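The structure appears right after this line, and notes come after that.
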2 protein chains.
Amino acid sequence: MGRERVTVVDIAHAAGVSKSTVSLVLQGSPLVNDGTRAKVNVVIRELGYVYNRGAANLRQANSKSKIIGIVVNDLTNSFFAELAVGVDMVVQSAGYVQFLSNTGESVDRQREVIASMREHGISGLILSPARGTEAADLKGLVAGGIPVVNVVRQIAGARVSSLISDNHGGMRDAVRHLAGLGHHRIAFLGGFPDTAVFNERLQGYRDALADVDLAVHDELVVSSAPSRAGGVAAIERALSLRERPTAAVCFNDAVAFGVCDGLRAHRLNPGEDFAVIGFDDVIEAQTAVPALTTVSVDPQGMGRRAAQLLLKQINAGKADAEAIVSSVRLVVRQSCGSAIDKRERLSLL
Amino acid sequence: MGRERVTVVDIAHAAGVSKSTVSLVLQGSPLVNDGTRAKVNVVIRELGYVYNRGAANLRQANSKSKIIGIVVNDLTNSFFAELAVGVDMVVQSAGYVQFLSNTGESVDRQREVIASMREHGISGLILSPARGTEAADLKGLVAGGIPVVNVVRQIAGARVSSLISDNHGGMRDAVRHLAGLGHHRIAFLGGFPDTAVFNERLQGYRDALADVDLAVHDELVVSSAPSRAGGVAAIERALSLRERPTAAVCFNDAVAFGVCDGLRAHRLNPGEDFAVIGFDDVIEAQTAVPALTTVSVDPQGMGRRAAQLLLKQINAGKADAEAIVSSVRLVVRQSCGSAIDKRERLSLL
DNA sequence: TCAAATAATTGGATCGTTCCAAATTTGTCA
DNA sequence: TGACAAATTTGGAACGATCCAATTATTTGA
């Protein structure tokens with residue numbers, strides 16, 4: 001089993017050429033004669049040679065490692081799983097591989113993970129920072145000239161690129177849509193209040209209410225963990241109010257699904273007795289029943305875009321921070337009672 | 001930005017010792033004097049040194065790279081996301097890092113990914129093989145003496161360890177439970193028929209029906225994609241039968257959720273009008289409404305166990321294949337009408 | 001046919017670390 | 001204090017690839 005490692009020298013010897021030639025073949029140089037190349041390739045296959053990127057990487061300190069790191073704060077949330085898949089797609093086809101780690105919202109874990117990635121010589125990092133991450137946590141990377149793209153969450157003061165979605169605008173559109181359907185008491189459910197994303201979305205909610213001349217009731221804003229379970233808890237609280245809301249915009253799709261679950265537990269039918277709008281447009285949003293009306297962020301597309309941005313910076317050799325706000329759009333499905341249903345219902349009155 | 005790299009030699013020079021001593025400090029050798037160690041550590045911090053694992057790894061060809069690879073066939077399925085999280089936990093705390101890739105059920109992609117991982121010198125691989133993977137695809141790894149642990153799916157003829165769940169037993173328990181509740185027409189919904197997992201679970205279904213003297217009706221076995229959308233399609237087909245089933249065991253939780261969605265679209269209440277049992281026990285299973293009765297596989301625990309098994313083999317230095325069948329247990333929740341509900345309902349008659 | 005140009009090949013030196021055997025310092029005890 | 005053991009430290013030689021400048025083989029053109 002643990003046989004001797006086959007190296008370029010072995011190949012060279014077996015093929016009757018020098019190791020330099022073998023190296024040239026490996027990197028697809030046009031300098032080598034076609035016949036020689038073929039001969040070398042045959043030997044490579046015969047001996048079962050595997051390229052040692054570590055060694056190669058050592059010499060070409062200028063060039064990069066062909067590894068990009070991606071760390072997310074919650075892989076069990078399908079939003080991030082899809083994001084990772086999107087990143088993997090473009091990264092893979094650019095000849096890179098992905099180092100993926102999950103921090104579970106722990107900054108300590110995040111620190112360890114990033115340190116470890118640096119030791120392995122990643123040539124770039126895509127980071128969805130854990131809650132409480134500070135600019136200082138990225139100092140090492142930035143000082144080392146390693147491009148970083150922050151996704152989903154921004155870090156104040158960090159001089160790195162970021163790709164976040166239009167949280168404010170998306171939430172505003174969602175609330176306006178509900179108001180347009182005739183809802184007056186619209187709740188904002190889920191999410192941790194100490195995150196930038198939460199506050200951006202909340203602001204969108206407030207601004208939209210102001211736009212349509214509806215009052216903002218603080219008790220209609222119920223924070224919770226941004227998970228399915230959190231959604232159940234949040235709607236529970238919202239339904240216990242003296243004056244119940246008739247509709248809700250949710251921090252994300254996971255919360256929205258939880259809200260639907262919680263509504264059913266109260267014998268309320270989401271989409272009919274209560275309007276629910278999510279945020280993210282996770283794949284399940286379209287197949288769920290009722291199909292979830294949600295603000296589409298296209299997590300996979302976001303992953304792809306983040307990866308492209310990162311690769312651009314890696315290739316450019318310099319990392320000037322650019323902040324991209326990716327636009328979102330409201331996808332109207334069944335969970336809020338479509339406009340048509342509403343009209344029909346009104347015409348019956 | 002792209003400043004010169006700090007190396008052991010720089011540290012050595014600045015601390016007034018030799019590079020060998022610095023190396024000793026780095027690997028925490030007890031040979032070095034405490035005073036020296038402290039001095040060196042200070043300099044390391046001051047100069048912002050980052051360890052170059054690539055270089056280290058090059059020299060100590062005997063030892064391993066502290067990278068373990070994990071490739072899954074569908075990261076967007078939360079079962080696998082959780083599995084990956086479980087792996088990450090133990091791998092991380094053992095000082096390794098995780099190379100994670102997603103194949104999306106493509107053997108070609110899988111081949112590329114595994115090749116790339118080998119080039120990076122992974123010291124072990126956890127693999128949930130794509131459909132259609134053959135023993136030959138793992139030949140290189142095995143020949144190279146790299147331990148491999150197959151999870152979830154087994155590969156016939158491959159001399160690698162595997163950790164799969166008791167598909168047969170789990171499904172048998174599920175069917176028996178439904179039969180015990182008085183169901184006679186029990187469907188088997190979802191999954192691709194060309195996989196080992198499908199056939200093991202199907203066999204468990206058949207054997208259980210035989211055990212309780214129920215006939216097997218082929219039309220009650222409806223295969224589909226093992227996803228939420230697949231579940232919707234499968235229940236659709238099942239409900240279109242002349243003689244409808246009254247209960248269903250599903251290939252996995254994703255399918256089960258889809259089945260619940262499909263039932264609601266037909267104005268049927270899962271757990272009351274129709275009993276549904278899933279397989280996997282994904283986290284959402286407990287928070288969903290109705291909470292899903294399912295065969296608990298504990299994906300995260302499975303990930304942890306797989307990682308432990310792999311680390312054991314890495315440390316042992318030899319990889320003798322062992323096949324572990326991890327036991328499962330039926331978790332009764334609301335989606336099948338609990339035994340108590342059933343009894344109550346009967347007493348009313 | 002021969003010089004010049006072009007194509008193809010090649011031997012070290014090198015990347016940043018660990019290993020090894022040998023050298024140096026320090027400590028112990030009669 | 002001197003001999004001997006133990007504790008520390010250290011200079012090169014690796015590891016497996018790439019790079020560079022230099023060499024050798026092949027064409028080309030007049």
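Just so it is clear: chains get the letters A, B, ... in the order the sequence lines come, proteins before strands, and each one is counted from 1. What you see is a predicted model, and the numbers here were worked out from it, not measured in a lab.
Atoms CG (A:Asn52) and P (D:dT18) sit 10 Å apart, rounded to a whole Å. Here C:dG16 presents its C1' atom at 10 Å from CG of B:Asp10, a figure rounded to the nearest Å. Here C:dC19 presents its P atom at 11 Å from CG of B:Asn57, a figure rounded to the nearest Å. Look at CG on A:Leu58: it is 9 Å from C1' on D:dC15, rounded to the nearest Å.
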Item checked: Intermediate values then yes/no, side-chain contact (heavy atoms from CB on, under 4.5 Å), A:Ile70 and A:Asp88 -> CA-CA 9 Å; A:Ile70 162 169; A:Asp88 199 31; over 6 Å; no
Next item on the list: Show your reasoning for whether side-chain contact (heavy atoms from CB on, under 4.5 Å) applies to A:Tyr49 and A:Leu26.
Entry: CA-CA 11 Å; A:Tyr49 167 77; A:Leu26 286 174; 3.6 Å; yes
Next item on the list: Output, in order, the C-alpha distance, side-chain angles, deciding distance and verdict of side-chain contact (heavy atoms from CB on, under 4.5 Å) for B:Val325 and B:Ile164.
Entry: CA-CA 5 Å; B:Val325 174; B:Ile164 61 173; 4.3 Å; yes
Next item on the list: Would you sort out whether B:Val152 and B:Met302 count as a side-chain contact (heavy atoms from CB on, under 4.5 Å), showing the intermediate values?
Entry: CA-CA 9 Å; B:Val152 182; B:Met302 202 159 162; 4.3 Å; yes
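Applying the side chain to side chain contact (heavy atoms under 4.5 Å, CB included) test to B:Asp10 and every residue at least two apart in sequence or in another chain returns B:Val6, B:Thr7. Partners of B:Arg109 by side-chain hydrogen bond (donor to acceptor under 3.5 Å, both in side chains), not counting sequence neighbours: none found. The salt bridge (charged side-chain N to carboxylate O under 4.0 Å, His left out) search around B:Arg304 returns none, not counting sequence neighbours.
Dashed line: the shortest gap from a side-chain N or O of B:Gln60 to OP1 or OP2 of C:dC19 is under 4.0 Å.
Residues B:Thr103 and B:Ala130 come closest through the heavy atom pair OG1-CB, 3.9 Å. The nearest pair of heavy atoms linking A:Ser123 to A:Tyr96 is OG-CE2, 3.5 Å.
Put simply, the residue from B:Val151, B:Leu163, B:Val71 that forms a side-chain contact (heavy atoms from CB on, under 4.5 Å) with B:Ile126 is B:Val151.
Over its length, the helix from C:dT1-D:dA30 to C:dA30-D:dT1 turns its helix axis by 40°, as judged from the five terminal pairs at each end, rounded to 10°.
Counted by atom type alone, A:Ser20 and A:Ser23 present zero donor-acceptor pairs between their side chains at under 3.5 Å.
Within 3.5 Å, a donor on the side chain of A:Arg59 pairs with an acceptor on the base of D:dT18, or the reverse.
Near-neighbour residues of DNA chain C inside residues 13-27 of chain A, defined by a heavy atom below 4.0 Å, number-ordered: A:Val17, A:Ser18, A:Lys19, A:Ser20, A:Thr21, A:Leu24. DNA chain C lies under 4.0 Å from at least one heavy atom of each of the following residues of residues 32-41 of chain A: A:Val32, A:Asn33, A:Thr36.
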